[in-house]
**Student:** 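The structure under discussion is supplied below as structure tokens; questions concerning it will follow.
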Amino acid sequence: MKHFTSIHDVTDLHALLTEAAEIKRDPFKYETFGRHRTMGLLFFNSSLRTRLSTQKAAQNLGMNTMVLNVNEDSWKIETEFGVVMNGDKAEHIKEAAAVIGKYCDVIGIRSFPSLKDREADYSESVINRFIRYAGVPVVSMESATRHPLQSFADVITIEQYKKTPRPKVLLAWAPHCRALPQSVPNSFVEWAVAAGYETVVTHPEGYELDPSFTTGAVIEYDREKAYKDADFVYAKNWSSYTQYGKILNNDLAWTCNAKNMALTRHAKFMHCLPVRRNLVVSDEVIDSPDSIVIEEAANRVVAAQTVLREILKEQNG
Ligand code: SN0
């Protein structure tokens with residue numbers, strides 16, 4: 001594996017899941033594999049789990065880590081070309097990426113979408129420019145359109161809990177007070193379909209995701225039908241893709257609550273976190289024994305470690 005920005009960088013998901021299970025059983029099996037290698041973690045946006053789990057994953061492989069909160073601790077970075085840099089941004093992405101590439105053997109990037117310009121966001125300019133100018137492998141730690149480390153951890157978690165070979169996995173839109181990216185849902189659907197699950201997405205009208213991410217999934221507007229007999233419910237808010245970045249609905253009937261969950265086959269509740277209680281999910285559901293959000297977050301280390309090992313394998317030759 002050279003870079004890791006989506007499911008398309010994975011040649012054999014089944015083999016990757018086997019590798020992940022092995023790493024989960026014995027996290028220190030490859031503790032010297034990344035010796036003398038450095039991972040730089042660059043955050044253009046906030047993070048708790050990704051920041052800590054990815055560092056821990058790198059350290060479990062014997063790597064060194066450096067964390068930079070871009071635009072806060074460093075010079076502000078200009079990501080566009082051809083602009084007269086007479087504003088508050090002192091450094092261009094072209095030099096920044098090239099320099100960081102000299103200090104790091106792997107670079108992780110978190111860069112959320114603007115949610116203002118769909119074409120610009122969906123062109124993934126920040127992560128693609130790092131890939132182009134850093135000259136070292138780049139790992140997405142949530143980009144404008146995807147969150148593959150999260151989705152990989154989600155699939156690892158479903159594999160751990162599933163009771164049937166092909167569980168019904170529901171991605172259920174839920175209300176939120178802020179406009180959020182489509183990255184988590186886009187990516188989750190791609191991975192769930194690739195893992196071979198019966199993948200259903202439910203949301204109010206106007207929340208259709210970019211169809212290139214939902215190929216192979218069923219879109220069910222009838223929420224009750226969608227929840228019916230689900231084995232896993234992945235609640236998540238996202239802002240509109242069609243009316244880009246807009247909040248179109250705040251109906252609390254879409255909250256993942258006990259009434260919706262009662263329609264399922266004792267479904268496990270999942271969410272990437274952070275989650276807004278009693279807006280996205282009721283206390284009752286997230287605090288129930290069927291909630292697996294903490295184990296899901298724990299698997300973020302496993303996912304990141306498996307991916308870093310794949311990248312190091314290629315570097316180590
Ligand atoms: C991000 C998102 O993509 O939805 C990151 C999730 C891993 N979530 C948020 O930004 C939540 C912020 C909030 O105000 O609740």
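This structure is a prediction, so every number in the text was calculated from the model and none was measured. Ligands are counted one by one from 1 in listed order, and the atoms in each one are counted from 1 as well.
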**Student:** Going from CG on Asn69 to CZ on Phe43, what distance comes out if it is rounded to the nearest 0.5 angstrom?
**Tutor:** 7.5 Å
**Student:** Is the shortest distance from a Lys or Arg side-chain nitrogen in Glu80 or Arg129 to a carboxylate oxygen in the other one below 4.0 Å?
**Tutor:**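 Looking at Glu80 and Arg129, the cut-off is met.
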**Student:** Should Phe232 and Ile7 be counted in the same cluster of Ile, Leu, Val, Met, Phe, Trp and Tyr side chains packed under 4.5 Å apart?
**Tutor:** yes
**Student:** What does the list of residues with a heavy atom under 4.0 Å from ligand 1 look like, ordered by chain and number?
**Tutor:** Phe112, Glu142, His147, His176, Arg178, Leu180, Pro181, Lys236, Cys272, Leu273, Arg276
**Student:** Ignoring hydrogens and angles, state whether a donor on the side chain of Arg110 or Thr50 is under 3.5 Å from an acceptor on the partner side chain.
**Tutor:** yes
**Student:** Would you call Lys24 and Glu295 a salt bridge, using N to O less than 4.0 angstrom?
**Tutor:** yes
**Student:** Determine whether the aromatic ring centres of His147 and Phe188 lie less than 6.0 Å apart.
**Tutor:** no
